[in-house]
Undergrad: 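Here it is, the structure, as structure tokens.
Residue numbers start at 1 and run along the sequence shown. Atoms considered below: every heavy atom in the structure, side chains included; atoms not considered: hydrogens, waters and symmetry mates.
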Amino acid sequence: MTNKPANPINLFDCSTAQKVIGQDKFLKAFEKILNHGAYCQGPETKELEAKLAAFSGVKYCTTCASGTDALILPLMAWDVKPGDAVFVSSFTFVASAEAPVLLGATPIFVDSDPNTYNMDPKDLQRAIDEVKKEGKLNLKAVIAVDIFGSPCDYDAIIKIAHDNGMKVLADSAQSYGSSYHGKRAGSIADMTATSFYPTKPLAGYGDGGASFTNSEAENDLMVSCRVHGMSKTDRYDNIRFGLNSRMDSFQGAVVLQKLTVFEQELKDREIIAKRYDDGLDSYYGKQQILDNTTSARALYTIHCEDRDELMSYLKEKGIPCGAYYPRPVNTQTAYAKWNTRSVPVCEKLSKTVLSIPMHAYLDKETQDYIIECMNEFAANKKSKAA
């Protein structure tokens, strides 16, 4: 068996890219900011917006203070408000449900597809039909989360939403860099949100986010809303309610540097995912990636009926792992009053999925060790069951 690596294994890697790029480049970028003094929405954030828009193939990118704000700003641009229904994934981080709730809208939780772990279009249609039959809420938007970096079935979701007069917001916090039918994340849905939190594929050194659109009007609204609803012509006339959600120039500078190696990191993540796909025992179910799509591979996630036992085993072997997400959002305390629909697949996934180390700088020896340890666990379980 492959020896346990001498260095600790990381589930994520938030620092190696800095060594690859060269720490001096970061320091020079920070020195430039200290000299010009534009600490919020300085030239670095303007440059980042242009480069991200070009990378995604859209006209506009609006940076902001966090991935959560990147979800809220598009909803504000669409005038989401009390009385509106926003259909959200339940098997995900809370932010995608939190965004509409903060605007007074009602989250309608939608179940997951058991193979992709993403929003199930069939259950989305059922949820819409239920809301329409009840007749109390206005159908407004769908927030589809690309869980673990893999794009949703946007052809189906967008058609269902548009047929019912709704917009689709893609939550690409984990999938920035992915592609769907030749389009990159940012240009697939009506609008897109992403995050630059340190564990994300394109990561900063703190909080930060961005929203993407091809509509000048939507972009203008988000630019206004991220600075308290400020007027274009008079900065002391706030013409709408907004947020304090400016990206600081230091985060902009970090993400600009990270962007220089991002394409290669995506390729390296895919190589590692392929080794996992090919090397891991069939005892483990693996997340299905839709045809004609690529995943950003934010997390490599399997499902296993003995998930908790496997977690303990891997930790004993020095292999970090994570159960993302152990509680569907609809079951969480603050969201209990909206827990009105059955989402059995979400509940099943919350008890069986496990994410193992995945980042662009995971060396081959460590990959081999992880695969061998997991296969040893699988062999023992199958032997006991025989």
Side-chain angles (χ1 to χ4, degrees), residues 40-42 44-46 48-53 55-56 58-82 84-89 92-107 140-146 161 166-176 185-197 200 202 204 206-232 235 237-249 251-252 255:
C40 287
Q41 288 181 213
E44 290 76 15
T45 57
K46 298 293 188 291
L48 180 62
E49 289 175 343
K51 287 187 174 178
L52 291 174
F55 182 89
S56 290
V58 293
K59 292 180 181 178
Y60 304 102
C61 169
T62 302
T63 54
C64 59
S66 71
T68 303
D69 285 355
L71 291 164
I72 295 171
L73 289 169
L75 299 183
M76 294 178 83
W78 288 340
D79 192 30
V80 170
K81 56 189 181 299
D84 289 341
V86 177
F87 297 82
V88 298
S89 302
T92 183
F93 186 63
V94 69
S96 51
E98 181 180 33
V101 167
L102 288 172
L103 297 176
T106 300
K140 192 70 174 189
V142 176
I143 303 177
V145 180
D146 300 334
M166 292 188 290
K167 299 275 194 180
V168 176
L169 174 59
D171 182 341
S172 297
Q174 295 182 339
S175 70
Y176 196 70
S187 62
I188 301 163
D190 296 304
M191 278 206 267
T192 300
T194 196
S195 168
F196 305 120
Y197 188 74
K200 299 299 188 280
L202 181 58
D207 276 310
S211 306
F212 300 83
T213 181
N214 277 314
S215 164
E216 182 178 5
E218 289 175 343
N219 187 68
D220 286 348
L221 283 166
M222 291 192 292
V223 167
S224 171
C225 287
R226 74 177 171 186
V227 189
H228 305 286
M230 184 189 295
S231 165
K232 255 187 173 182
R235 64 176 298 177
D237 182 17
N238 295 292
I239 58 177
R240 57 181 60 86
F241 296 118
L243 306 172
N244 178 13
S245 188
R246 292 165 287 218
M247 173 181 272
D248 72 68
S249 300
Q251 290 304 331
V255 180

Undergrad: Taking the six-membered ring for Trp, are Tyr176 and Phe212 closer than 6.0 Å centroid to centroid?
TA: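 Yes, close enough.
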Undergrad: Under the 3.5 angstrom rule, does the side chain of Ser249 hit a backbone N or O of Gly42 as a donor-acceptor pair?
TA: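 Here the side-chain-to-backbone pair exists.
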Undergrad: Just verifying a value: how many Å separate Ser245 OG and Gln41 CD, rounded to the nearest 0.5 Å?
TA: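 Between atom OG of Ser245 and atom CD of Gln41 there are 8.5 Å.
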Undergrad: Could you please spell out the steps behind the side-chain hydrogen bond (donor to acceptor under 3.5 Å, both in side chains) verdict for Ser66 and Asp207?
TA: CA-CA 5 Å; Ser66 71; Asp207 276 310; 5.8 Å; no
Undergrad: Taking the side chain as every heavy atom from C-beta outward, state whether Asn244 and Val227 have any pair of such atoms under 4.5 Å apart.
TA: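 SC-SC contact between Asn244 and Val227 ruled out.
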Undergrad: Indicate whether the side chain of Thr62 and that of Arg226 have a donor and an acceptor atom separated by less than 3.5 Å.
TA: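 Their side chains do not contain a donor-acceptor pair, so the 3.5 Å distance test is not met.
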Undergrad: Can you measure from CD (Glu98) to CG (Leu102) and round to the nearest 0.5 angstrom?
TA: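 Taking CD in Glu98 and CG in Leu102, the distance rounds to 5.0 Å.
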Undergrad: Evaluate Asn219 against Glu216 for side-chain contact (heavy atoms from CB on, under 4.5 Å), listing each step before the verdict.
TA: CA-CA 5 Å; Asn219 187 68; Glu216 182 178 5; 5.6 Å; no
Undergrad: Return the minimal non-hydrogen interatomic distance between Cys64 and Ala70, and the atom names on each side.
TA: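 Closest pair (atom of Cys64, atom of Ala70, distance): SG-N, 3.5 Å.
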Undergrad: Of all residues at least two apart in sequence or in a different chain, which pass the side chain to side chain contact (heavy atoms under 4.5 Å, CB included) check with Thr92?
TA: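 Side chain to side chain contact (heavy atoms under 4.5 Å, CB included) list for Thr92, sorted by chain: Ser89, Ser96, Val145, Ile147, Val329.
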Undergrad: Which heavy atom in Glu44 sits nearest to a heavy atom in Gly252, and how many Å separate them?
TA: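 Closest heavy-atom pair between Glu44 and Gly252: CB-C, 4.2 Å.
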Undergrad: State the CZ-NE2 distance between Phe241 and His228, to the nearest 0.5 angstrom.
TA: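 So the CZ of Phe241 and the NE2 of His228 are separated by 13.5 Å.
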Undergrad: Check whether Ser224 reaches the backbone of Ser231 with its side chain - one donor and one acceptor, N or O, closer than 3.5 Å.
TA: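 Pair absent, no side-chain N/O of Ser224 close to backbone of Ser231.
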Undergrad: Got a donor-acceptor contact below 3.5 angstrom from the Asp171 side chain to the Ala173 backbone?
TA: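 Here the side-chain-to-backbone pair exists.
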Undergrad: So, the side chain of Thr63 versus the backbone of Met247: is there a donor-acceptor pair under 3.5 Å, distance only?
TA: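 No; zero donor-acceptor contacts below 3.5 Å.
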Undergrad: Atom SG of Cys225 and atom CD1 of Ile72: how far apart are they, to the nearest 0.5 Å?
TA: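 The CD1 atom of Ile72 is 11.0 Å from SG of Cys225, to the nearest 0.5 Å.
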Undergrad: Where do Phe87 and Ile143 land on the side-chain contact (heavy atoms from CB on, under 4.5 Å) test, with the steps shown first?
TA: CA-CA 6 Å; Phe87 297 82; Ile143 303 177; over 6 Å; no
Undergrad: Under the side-chain contact (heavy atoms from CB on, under 4.5 Å) rule, what do Lys232 and Ile239 come out as? Steps first, then yes or no, please.
TA: CA-CA 9 Å; Lys232 255 187 173 182; Ile239 58 177; over 6 Å; no
Undergrad: With distance as the sole test, does Lys140 use its side chain to make a donor-acceptor pair with the main-chain N or O of Trp78 at under 3.5 Å?
TA: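 Flag set: sc Lys140 to bb Trp78 pair under 3.5 Å.
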Undergrad: Within this structure, what is the CG-OG distance for the pair Leu221 and Ser215, rounded to the nearest 0.5 Å?
TA: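 Interatomic distance, Leu221 CG to Ser215 OG, rounded to 0.5 Å: 8.0 Å.
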Undergrad: A side-chain contact here means heavy atoms from C-beta on lying under 4.5 Å apart; do Asp190 and Leu169 qualify?
TA: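 Result no, sub-4.5 Å side-chain heavy-atom pair not found.
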Undergrad: Is the OH atom of Tyr60 crowded by more than 12 outside heavy atoms at less than 6.0 Å?
TA: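 Enclosed: over 12 neighbouring heavy atoms sit under 6.0 Å from OH of Tyr60.
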Undergrad: What's the shortest heavy-atom distance between Ser172 and Asp146, and which atoms?
TA: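 Minimum heavy-atom separation between Ser172 and Asp146: OG-OD2, 3.2 Å.
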Undergrad: Counting distance only, does the side-chain N/O of Ser56 pair as donor-acceptor with the main-chain N or O of Val58 below 3.5 Å?
TA: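 No; judged by distance alone, with no hydrogens or angles, the pair does not exist.
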Undergrad: Heavy-atom count around Phe55 CZ within 6.0 Å, excluding the residue itself: above 12?
TA: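 Yes - once you tally the heavy atoms of other residues, nucleotides and ligands closer than 6.0 Å, there are more than 12.
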Undergrad: Only one of Leu75, Asp84, Asp79 forms a side-chain contact (heavy atoms from CB on, under 4.5 Å) with Leu103, so which one is it?
TA: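 Checked Leu75, Asp84, Asp79 against Leu103; only one passes side-chain contact (heavy atoms from CB on, under 4.5 Å): Leu75.
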Undergrad: Using every non-hydrogen atom in the two residues, find where Gly242 and Met76 come nearest and quote the distance to one decimal.
TA: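 In this case the closest contact between Gly242 and Met76 is CA-CE, 3.7 Å.
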Undergrad: Using a 6.0 Å cut-off, check whether atom NZ of Lys59 has over 12 heavy atoms from anything other than its own residue.
TA: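 12 or below, so no.
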Undergrad: Could you tell me the separation between the CG atom of Asp69 and the OG atom of Ser211, rounded to the nearest 0.5 Å?
TA: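 Going from the CG atom of Asp69 to the OG atom of Ser211 covers 8.5 Å.
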Undergrad: Among all residues two or more places apart in sequence or in another chain, which pass the side-chain hydrogen bond (donor to acceptor under 3.5 Å, both in side chains) test with Thr213?
TA: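 Glu218.
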